[in-house]
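A quick note: this is a predicted structure, and the numbers were derived from the prediction, not measured.
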Amino acid sequence: SASAPRGAPSEHDRQIAQASAAARLAYERGDYAQARELYRRALTRAQAIDSARLAADAAYNLAICEIALRDYAAADARLRQAEYDAARAAAPLIDIRLLRAKVAYLDARPSDADALAGDVMASGPPAVLRLQAVLLRGTLRSDAGDIAAARAELQAASALAHANDKALTPSLRADLEKLRGTIARLDGDAESAARAFEAEVTSLRSAKRHRDMGYALARAGEAHLSAGRAALAADRYFLAARSLGRQGEGTAARGFADASLAAALQANDAAAGARARRLLEELTARDGP
């Protein structure tokens with residue numbers, strides 16, 4: 001799941017405040033490289049004035065940018081810096097540890113992710129952080145093919161979400177639906193998987209997690225195809241390809257455009273086929289074969 005940069009702290013330094021405000025705007029418009037540069041400036045200043053709290057926040061925010069740019073080793077290094085300074089400031093470490101768990105998962109280090117998620121769970125975290133840790137553990141179990149363990153984590157996450165409905169942001173709701181859909185897919189229940197992935201798409205759109213939304217559309221397309229709805233699959237694959245193509249994810253976009261065309265041919269849907277062909281031609285012309 002995506003995390004967002006931290007807001008302005010109570011401690012104030014004009015240079016850090018200005019750099020951080022500009023960085024957050026850059027992040028929100030998707031200019032992650034610019035946001036990284038500005039948060040780096042904030043971190044340099046925080047270290048220069050030796051403000052542990054401001055240094056921890058700046059390092060955390062810098063890690064968020066590195067995650068968006070998919071430099072997971074850099075993100076982990078920044079989070080270790082954030083832990084060090086947060087400890088100096090006697091500030092909470094649980095959210096930093098949770099983000100380190102997510103980075104380990106993204107970096108294909110499942111045992112590290114599991115250990116860090118376990119640390120979070122053992123620390124008696126607030127409900128919203130506990131929910132995120134449980135969802136991560138459920139994802140790790142489903143990735144390992146342990147459906148029973150994944151389902152147990154999903155039940156725990158659903159209970160937490162139900163008990164803390166006000167804390168259930170669109171982003172967390174999306175992660176819950178993704179896990180639900182993934183387990184249904186492992187169970188061979190394409191109908192339930194399609195419903196869950198459609199709900200995930202809606203929540204990701206609300207959360208403005210647009211790259212994740214593109215991939216969720218493709219998951220929905222795959223589930224609809226498995227459920228025998230080729231025309232609907234062609235549409236979802238097309239939307240996935242178009243969204244990701246506009247975000248610069250050319251390779252994934254071309255793959256999903258191909259899948260849209262194949263599903264349209266299977267459905268004998270000439271209009272959907274023509275749409276997919278046009279998009280494929282456009283993506284190929286722009287990005288090369």
Report yes if some heavy atom in the side chain of [X] is under 4.5 Å from a heavy atom in the side chain of [Y]; otherwise report no.
{"X": "R242", "Y": "R275", "answer": "no"}
{"X": "T251", "Y": "E249", "answer": "no"}
{"X": "P170", "Y": "L204", "answer": "no"}
{"X": "L136", "Y": "D175", "answer": "no"}
{"X": "I183", "Y": "D187", "answer": "yes"}
{"X": "R36", "Y": "L69", "answer": "yes"}
{"X": "F197", "Y": "T182", "answer": "yes"}

Under the criterion side-chain hydrogen bond (donor to acceptor under 3.5 Å, both in side chains), I'd like the reasoning laid out for T202 against E198: C-alpha separation, chi angles, the key distance, then a yes or no. CA-CA 6 Å; T202 301; E198 290 285 358; 5.8 Å; no
State plainly whether the residues [X] and [Y] are in salt-bridge range, i.e. N to O under 4.0 Å.
{"X": "D107", "Y": "R70", "result": "no"}
{"X": "D112", "Y": "R100", "result": "no"}
{"X": "R97", "Y": "D119", "result": "yes"}
{"X": "E177", "Y": "R173", "result": "no"}
{"X": "D13", "Y": "R45", "result": "yes"}
{"X": "E282", "Y": "R246", "result": "yes"}

Positive for side-chain hydrogen bond (donor to acceptor under 3.5 Å, both in side chains) with D114, one of R109, R141, R137: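 With D114 as partner, R109, R141, R137 yield a single side-chain hydrogen bond (donor to acceptor under 3.5 Å, both in side chains), made by R141.
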List the atom of [X], the atom of [Y], and the distance in Å for their closest heavy-atom pair.
{"X": "A35", "Y": "A26", "result": "N-CB, 3.8 Å"}
{"X": "A86", "Y": "P92", "result": "CB-O, 4.1 Å"}
{"X": "R130", "Y": "G124", "result": "NH2-CA, 4.0 Å"}
{"X": "G221", "Y": "A233", "result": "O-CB, 3.2 Å"}
{"X": "L261", "Y": "G273", "result": "CD1-O, 3.6 Å"}
{"X": "A223", "Y": "A190", "result": "O-CB, 3.8 Å"}

Tell me every residue that passes salt bridge (charged side-chain N to carboxylate O under 4.0 Å, His left out) with R185, counting only those two or more places apart in sequence or in another chain.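 Applying salt bridge (charged side-chain N to carboxylate O under 4.0 Å, His left out) to R185 gives E222.
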Counting only heavy atoms from other residues, nucleotides and ligands, does the tally under 6.0 Å from CZ of R29 exceed 12?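 Yes - once you tally the heavy atoms of other residues, nucleotides and ligands closer than 6.0 Å, there are more than 12.
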Side chain [X], main chain [Y], donor-acceptor under 3.5 Å:
{"X": "Q247", "Y": "H210", "value": "yes"}
{"X": "S20", "Y": "A17", "value": "no"}
{"X": "S260", "Y": "Y237", "value": "no"}
{"X": "T139", "Y": "L135", "value": "yes"}

Are [X] and [Y] in one and the same hydrophobic cluster, where Ile, Leu, Val, Met, Phe, Trp and Tyr link if side-chain heavy atoms are under 4.5 Å apart?
{"X": "L239", "Y": "V201", "answer": "yes"}
{"X": "L25", "Y": "L38", "answer": "no"}
{"X": "L283", "Y": "L217", "answer": "yes"}
{"X": "Y27", "Y": "Y60", "answer": "yes"}
{"X": "L116", "Y": "I94", "answer": "no"}

Specify whether F256 and Y215 have parallel, tilted or perpendicular ring planes, treating 30° as the upper limit for parallel and 60° as the lower limit for perpendicular.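 Rings of F256 and Y215: perpendicular, over 60°.
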Residues R24, Y39; criterion side chain to side chain contact (heavy atoms under 4.5 Å, CB included); working and verdict: CA-CA 9 Å; R24 192 175 184 97; Y39 278 131; 3.8 Å; yes
Among R180, R209, R219, K178, salt bridge (charged side-chain N to carboxylate O under 4.0 Å, His left out) partner for E200: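 Between E200 and the candidates, salt bridge (charged side-chain N to carboxylate O under 4.0 Å, His left out) is satisfied uniquely by R219.
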Begin with the C-alpha distance, continue with both residues' side-chain angles, and end with the deciding distance and a verdict on side-chain hydrogen bond (donor to acceptor under 3.5 Å, both in side chains) for R195 and S192. CA-CA 5 Å; R195 276 197 304 276; S192 295; 3.2 Å; yes
Got a second to check how far [X]'s [atom1] is from [Y]'s [atom2], nearest 0.5 Å?
{"X": "L186", "Y": "I147", "atom1": "CG", "atom2": "CD1", "answer": "5.0 Å"}
{"X": "L106", "Y": "Y72", "atom1": "CG", "atom2": "OH", "answer": "4.5 Å"}
{"X": "Q15", "Y": "L54", "atom1": "CD", "atom2": "CG", "answer": "12.0 Å"}
{"X": "L99", "Y": "L79", "atom1": "CG", "atom2": "CG", "answer": "4.5 Å"}
{"X": "L265", "Y": "N268", "atom1": "CG", "atom2": "CG", "answer": "8.5 Å"}
{"X": "I16", "Y": "T44", "atom1": "CD1", "atom2": "OG1", "answer": "9.5 Å"}

Just distance, no hydrogens or angles: give the donor-acceptor pairs under 3.5 Å from side chains in residues 157-168, sequence neighbours left out.
unit_1, atom_1, unit_2, atom_2, d
S158, OG, L154, O, 2.9
N164, ND2, L160, O, 2.8

Start with the C-alpha distance between M213 and K208, add both sets of side-chain angles, then the distance that settles side chain to side chain contact (heavy atoms under 4.5 Å, CB included), and finish with yes or no. CA-CA 8 Å; M213 180 195 72; K208 296 183 169 55; over 6 Å; no
M121 vs V134, side chain to side chain contact (heavy atoms under 4.5 Å, CB included): CA-CA, chis, key distance, verdict: CA-CA 8 Å; M121 294 292 290; V134 171; 3.7 Å; yes
Before you tell me yes or no, could you show the steps for R80 and E83 under salt bridge (charged side-chain N to carboxylate O under 4.0 Å, His left out), namely the whole-Å CA-CA distance, both residues' side-chain angles and the distance that decides it to 0.1 Å? CA-CA 5 Å; R80 287 170 188 271; E83 274 194 324; over 6 Å; no
Could you name each residue pair satisfying salt bridge (charged side-chain N to carboxylate O under 4.0 Å, His left out) that touches residues 255-269, not counting sequence neighbours?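 The answer is none; no pair qualifies.
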